Amino acid sequence: MAEEKKVYTRTKGIIEGAVSGFCPGCMHSTIHKIIGEAAEELGQLDNLVRVEGVGCCGLGQFYVTCDETIAAHGRAGAVATGIKRSSPNSLVYTYQGDGDLAAIGLAETLSAANRGENFTVIFVNNGIYGMTGGQMAPTTLIGMKSTTTPGGRNPEEHGYPMHMSEIINQLTAPYYIERVSCDTPQNVIKARNAIKKAFKYQLEGKGYSIVEIVTSCPTNWGLDPLKSLDFLREKMFAEYPLGVFRDGGEKKQ
Amino acid sequence: MSSSSSCGISLYSEGVSYCASARIPMVYVNVQRGGPGIGAIQPAQQDYLQATKASGNGGFRMIVLAPDSVQECVDMVYEAYDLAERDQNPVLVLTDGVMGTMMEPVVLPPMKTDEELAACRAKFADRAIVGHPLGQQAFCRPGSVGDGQEKVNIDAAAMYETWDKDIRVEEYMMDDAEIVFAAYGISARISRAVIRQLREEGIKAGMIRPITLSPFPYDSFRNLDFNRVKGIIDVEMSIPAQMRWDVDYAVQGRCPVHEVLRSGGQLLTNDQVLKGAKEFIKEVL
C-alpha cells in the first residue's frame, strides 16, 4: 500500500475552515493565503501583526489568525508606525486598498515611507473603490467608467492615474519596492516570494518595504472574472507594469 | 499621551472614538484656544461641551480633568495615566492657553518603579497586538459586527456608572456663601481672587470649582441651600457659555444664574469679573 504524503495544506495564517466572503474572481482570497504562507515559512505566525485598512481589504479581519487592529481609514501607515516602534521585534504589515492607501491615506503612506519605517505595506490596487460601490480611485485608468466617472475618467476633469510604487521610489528611505499580481500561478508564486522577501527584510531591520499587487475587481469593473483577467493583463499591466523598482538587497548600503 | 489645541483636538475625534470603542488606555491634553474653526491662537475655554459630552462619534464618555495651576497640570497628567489604565479608556486633561504659557514651580510626582511598569505591561499582555500563538489572537477592535458593538456599549455604560466615586470638586469659601461662582481652570483662578476682594467688602461669595468636568459634580450645585444662596455666577471664556448647561441642569432654576464671559481668544480680567459680579449682586442680594 503506497504511503500518502501530504504536499499541500491550507496555511495556518487563515482561520481553519473559514470560507472567504470575497467576490468570485477577487484576488484578496489568494493574497491572504500567500501572506499566511510567507509568514508560516518564516516561522513568524505567532509574531505577526496586521493593520487593516478600510474597504474590501478590511474584510480580511474575519479570516486571519494573527494579531490585528483596524486603523481609521487611510491611517494604517501611522498606526503601523506606532505599533512597530513600540514593538520592534514584531512582524508588522499593513493591508490596504487603493482608496485607503492613495486617497484618504496618501499623507500617512508617504510620510511612513519617507521616514523609512521598518514595516511592510501590502497594497492591493484594483483601480477602483470596491466596498463603497465602484467610485473612481486615484489609480482608476483613463477612460475607465466608474460611478463617479460615468463617462469614463477624463484627465482634464479627474486627473491622471497615480503610480504609487513609482512615487514611493522617488523617496530616499524605502528599502524594497515591487509590483506583482496574482493572475497566473507563476505570478502568485512571485507575489508570495515578494511578500516573503519583504517580511525577511523587516525581520533583519532593513527598513520600509511595499508590495503593490495589481488585482481585478469583477464586481465593480462590471466584467466576469475571466474577462477581468483580460482587462487586467491588457490595460492594468500597461499602466502599472510589474517588476522590482528597488531592492536594497541582502546587505544594507 | 498626546496633546493639541482645540482645532487640532477636533482632528483627534475619530482617533479618540476608535480608542474608546477598542477600550484603549490613552491620555490626551487639550490646551484650549479661541474657536470655532482655526479660531484664535490666544486662550479660551470654548471646547467644554465637546470635551465633556461628545469628543467623537458614538456616544462614549471619558473622565475629563481640569487643572487650575501648573502643579495641577502635572498631578493630573500623572493621575490620568492611572485612570486610563484602570478603566482602559481615554482620559482628557482640559486646560487652556493661559495655563499652557504659565510658569510656576512644581513638585514632580515620584517616578513609577520598574516593577510597577512591568506589572502594567503584564496586565495588558493578552490585549497587546505584538503577535500571539495560534488561538490566542489579540484583536484591537474599534468596531464589531453582529451584536458585538452593542455589547461594547453596554460594558462601557456599566463602567460610566462607577464614576461617581471619581467626582472631584473644590468648594471654596462655601460654608456661608450667598453668591456662588461656578468656574473651572483659569476662570476659577480669576474668580478666587475676585471672591477674596468681595469678601473684603463684606460680600459672602464662594466658588464651586469642578475639578472633574466629567463626571460633573452636579450634587455640589443640586444640594445648595437655596434659602441662603441668592445667585450663581458662571465665569467662562466662552460665548455662548457652555459649562452653564451643567450648572442649569443641577440648579433647575432654583436661583438666578448670571454669566461673565469672554471668548474668541480674549481674556477675562479680574476687573471684568468683579464688575460683572457686582452688577449681579446688586440685583439679587
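No hydrogens, no waters, no symmetry mates; every other heavy atom, side chains included, goes into these values. Keep in mind the model is a prediction, meaning the values are calculated, not measured.
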Between A:Glu41 and A:Arg192, is a salt bridge (Lys or Arg N to Asp or Glu O under 4.0 Å) present by the stated rule, with each step listed?
CA-CA 11 Å; A:Glu41 280 170 33; A:Arg192 187 177 68 213; 3.8 Å; yes
B:Asp246 vs B:Tyr218, side chain to side chain donor-acceptor pair (under 3.5 Å): CA-CA, chis, key distance, verdict = CA-CA 7 Å; B:Asp246 283 325; B:Tyr218 292 110; 2.7 Å; yes
### Stepwise ring-ring contact (aromatic ring centres under 6.0 Å, His included) test for A:Tyr201 and A:Tyr176
CA-CA 8 Å; A:Tyr201 284 159; A:Tyr176 171 55; 5.5 Å; yes
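With hydrogens and angles ignored, the 3.5 Å screen pairs no side-chain donor or acceptor of B:Ser3 with any backbone N or O of B:Val29. A donor-acceptor pair under 3.5 Å is absent between the side-chain atoms of B:Asp96 and the main chain of B:Pro43, judged by distance alone. A donor-acceptor contact shorter than 3.5 Å is absent between the side chain of A:Glu117 and the backbone of A:Gly77. Between the side chain of B:Gln45 and the main chain of B:Met237, a donor-acceptor pair closer than 3.5 Å is present.
Most heavy-atom pairs under 4.5 Å with chain B, from the set A:Ala71, A:Gly13, A:Ala72: that is A:Ala72.
Of the atoms belonging to B:Ala22, not a single heavy atom falls under 4.5 Å from chain A. At a 4.5 Å heavy-atom cutoff, the contact between A:Thr69 and chain B is made by backbone and side-chain atoms alike.
For the pair B:Lys112 and B:Tyr78, the distance from NZ or CZ to the six-membered ring centre is under 6.0 Å and the angle to the ring normal is within 45 degrees.
Taking every heavy atom of both residues into account, A:Ala112 and A:Phe119 meet most closely at CB-CZ, 3.8 Å.
Residue A:Leu203 holds its CG atom at 9.5 Å from CG of A:Asn89, rounded to the nearest 0.5 Å.
Listed in order of number, the residues of residues 135-152 of chain B that approach chain A to under 4.5 Å between heavy atoms are B:Gln136, B:Gln137, B:Ala138, B:Phe139, B:Cys140, B:Arg141, B:Pro142, B:Val145. Using a 4.5 Å cut-off between non-hydrogen atoms, the part of residues 46-67 of chain A that approaches chain B consists of A:Asp46, A:Asn47, A:Leu48, A:Val49, A:Gln61, A:Phe62, A:Val64, A:Thr65, A:Cys66, A:Asp67.
Environment of NZ in B:Lys165: crowded, with over 12 heavy atoms of neighbouring residues, nucleotides or ligands closer than 6.0 Å.
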